[in-house]
A.B. asks: 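The structure follows.
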Amino acid sequence: MSSIHIEAKVGDIAETVLLPGDPLRAKHVAETFLEDAVCYNTVRNMFGFTGYYKGKKVSVQGTGMGMGSAAIYIHELINTYNAKNLIRVGTCGAIQKEINLGQVLLAMSASGDSDANNLYFEGMHYAATADFDLLLKAYKAAQRLNIKTYKGSVFSTNTFYDDDIQNRWKKWQKHGILGVEMETQMLFTLAKRFGVKALSILTVSDNIITGEATSSKEREQSFNDMMKIALELA
Ligand code: HPA
């Protein structure tokens with residue numbers, strides 16, 4: 001049996017799945033960090049791989065951008081392939097001035113503008129949170145690896161572009177949101193709905209307030225820091 005958007009067989013995907021938005025990132029992770037990696041999905045070029053890290057089976061699956069796309073893969077990974085630990089590895093735009101490019105954020109919770117959540121919760125606002133065990137493990141792994149992390153809340157949006165992007169985030173900045181990205185709120189919500197664990201580890205690719213953006217070299221370094229933490233959770 002397979003699912004609609006993933007052609008793997010049940011058993012081909014590990015219980016721990018890392019989730020980059022970009023399917024080519026999934027390929028890069030498989031080629032760079034995993035041993036004996038096998039590609040289990042090419043449907044829509046949304047690549048997924050299973051391999052081994054320090055002897056532990058781990059998968060890495062692209063989700064695409066935005067909560068609509070991510071929800072499809074997350075749903076199928078949990079409900080068809082029995083994924084138990086889902087860990088987003090992505091980028092975000094910081095909205096606090098003091099957060100530097102390339103730093104790593106551990107998302108404790110995610111606010112957001114998902115209409116899917118709005119409909120599902122009938123206009124009420126669900127507080128989507130990370131799994132505490134995974135969060136604690138990631139925090140300890142980062143400490144062991146000597147990687148500085150910010151811990152706090154993020155905002156997941158379905159609209160990347162806006163007429164007045166800096167003013168758009170003022171209220172959220174005031175309420176302590178560290179960064180803006182496009183998938184975590186849905187990941188945390190679906191993980192709780194289906195009784196599995198989720199975490200989101202993000203590197204800061206740009207600062208929405210100051211307008212700074214990372215060079216490709218800086219992105220690579222911070223990406224590796226984030227991956228080292230994520231892979232320790234396998
Ligand atoms: N907005 C939304 N998602 C993002 C951004 C951003 O500025 N940067 C990285 N992911």
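Counting convention: from 1, in listed order, for ligands and their atoms alike.
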A.B. asks: Do any N or O atoms from the side chain of Ser69 and from the backbone of Thr63 form a donor-acceptor pair under 3.5 angstrom?
C.D. replies: yes
A.B. asks: Between Lys54 and Glu232, does any side-chain N to carboxylate O distance fall below 4.0 Å?
C.D. replies: yes
A.B. asks: So among Ser153, Ser109, Ser111, Ser200, which one has a side chain to side chain donor-acceptor pair (under 3.5 Å) with Thr184?
C.D. replies: Ser200
A.B. asks: Can you confirm whether Tyr73 sits close enough to Leu19 that some side-chain heavy atom of one is under 4.5 Å from a side-chain heavy atom of the other?
C.D. replies: no
A.B. asks: Mind listing the closest non-hydrogen atom pair of Leu77 and Gln61 along with its distance?
C.D. replies: CD1-CG, 4.0 Å
A.B. asks: Once you restrict both partners to nitrogen or oxygen, which atoms of ligand 1 have a protein partner under 3.5 Å, and how far apart are they?
C.D. replies:
| residue | atom | partner | partner atom | Å |
| --- | --- | --- | --- | --- |
| ligand 1 | 7 (O) | Asp206 | OD2 | 3.3 |
| ligand 1 | 8 (N) | Gly93 | N | 3.3 |
| ligand 1 | 8 (N) | Asp206 | OD1 | 2.9 |

A.B. asks: Sequence neighbours excluded, which residues qualify as salt bridge (charged side-chain N to carboxylate O under 4.0 Å, His left out) partners of Lys197?
C.D. replies: Asp133
